[in-house]
Amino acid sequence: MLNINTVAEIEFELREEIGQEGRNSQVFRSYDQALDAELVVKRVPKNSVADANALFNEARTLYKSSHPYVVPINYACQDNDFIYLAMPYFPNGSLAQLMSQRFLTVREIIRFVCQFVSGLHNIHSKGLIHFDIKPDNILLSHRDEALLSDFGLAKHTNSLGLARPNQMYVKQLPPECFAANEYTTAFDVYQVGLTLYRMCVGSETFNQQFMNFVVAGNLERPQFEAALRNEVFPNRTAYPEHIPDKIKQTISKCLKPSPDDRFKSVLEITNALSSIDEKLLDWQFELNGNQKKWSKKFDGAIKYIAVENGNSIAKRVPSAGRETNINQYCINNIGTRDLKRFFKI
Amino acid sequence: MRTIGIRVSPSEVTFSIYDTNENAIINIEEIAIPNALSMPEKLKYVRCNILDILREYDVEKAGVRLSEPSARSVNIDRVQIEGVIQEAFASSALNNYYYGAISTIAAKNNIERRRIKPLVRGQEDYEIIENWHELTEKEREAVLTATGAMNA
């Protein structure tokens, strides 16, 4: 057939590979000469699917979802063998990378959730379901804002508000996946809850819980399914002590086994997180072997409490001068209630 | 046509969606403003969400109820949030919008100024919505702002 479109050339230099997204695509840093810009290019081989045109779906979804909290797309193009999606380069990396370095404070958790959930609200209002919300798919802007990314599984809903992803990753499965094959936006609500959970307990704890269901490299599917249905996985009692009850309750509601029992809209999630006790927002949690430690800056000083084998040491460390014990909180067999009182000093 | 009316407070933004064809309020909701965000980020958060809501409901006309210019104590945070909402209107695909205090809202609704207070307090019924007396004052102001937007 005669092609009446104008076909033009785009020229970019593929630099180092910075990650592999899924089995079929590679991600490179690249330099676009016409724009004089450093970009990230995702490259997908055309032979990976029957209809190469469908590979542009992710680009189309991203273009349609233009929003301050959704990763923008600069352009999409193709050559004989590949299609390419060009996006801005985010040197601060992903939320997953940040979470692998340290625990997040409650303030960071709420701020990140409010940001990427705003982006998600936008895509839901355009009749799309994301289907793959997890810390790896949330990128951090140069202002450290959480941007929703990777729309490779996103799908348009039908007139009943249902859609079905082409594939799913078992670690993020909501319980309804074992009973139905079409899903509503409640699927994303579940995954927001799971992401929020991972931000609270850390990826390592979450992954350990998941690995309990993997025996000799295989998922124990019946046990895993039962654990999801019975609200046993993820473990709702594994939170560090500084996580406020409001966040735990919000997560539990997102993770309800029945989609009807979850928040009806993602905006309700951020509404539920909108007023948290200011005193709990800035504790930095650390886990060093058996020792749990929480620290926070107060005018010109740091206060911390460290708990090991049930015994606690609490100190005030001024920026200059001697550190002092906070005797009231140097306790043998310290309880959760004492810790919660300490977080409110 | 759908319109929106918005009433701001420092901790939440209440909005109401009015359908002129059905002469009915189809939604009253709020955007709670997270206290974990800094003020500039709160403003950005409100702005993004308002723009999404305008699109989500296909809103054509809008109004925002502003603080009374004669109020004895003005809440700075509230005024700033009212400011970004006006900016969001100006950046949106709306056909028209208005902004003003109670007297402007009364005029847009063709209601006498003196009737507005009893309406907001729920002492008088507003025929457009059944459970008028069950709403909060902020919700009633948002509804009146939305119905007034029809004449924006």
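Predicted, not measured: the structure shown is a model, and the values here were computed from it. Here is the naming used below: chain letters follow the sequence lines, and residue numbers restart at 1 for every chain.
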Pair A/F342 and A/W283, ring centroids less than 6.0 Å apart:
yes

Can you see whether A/F285 has A/K293 sitting over its ring - NZ or CZ less than 6.0 Å from the centre and within 45° of the normal?
no

Residue A/E268 versus chain B: region with a heavy atom under 4.5 Å
neither

Is B/L94 close to B/V59 at the side-chain level, that is, under 4.5 Å between some pair of heavy atoms?
yes

Let me know if A/H124 has heavy atoms under 4.5 Å from chain B in its side chain, its backbone, both or neither.
neither

Side chain, backbone, both or neither: which part of A/E108 has a heavy atom under 4.5 Å from chain B?
neither

Pick from A/G119, A/P68, A/G127, A/S125: which one has the most heavy-atom pairs with chain B under 4.5 Å?
A/S125

Which pair of non-hydrogen atoms, one from A/Y197 and one from A/A238, has the smallest distance, and what is that distance?
OH-CB, 3.7 Å

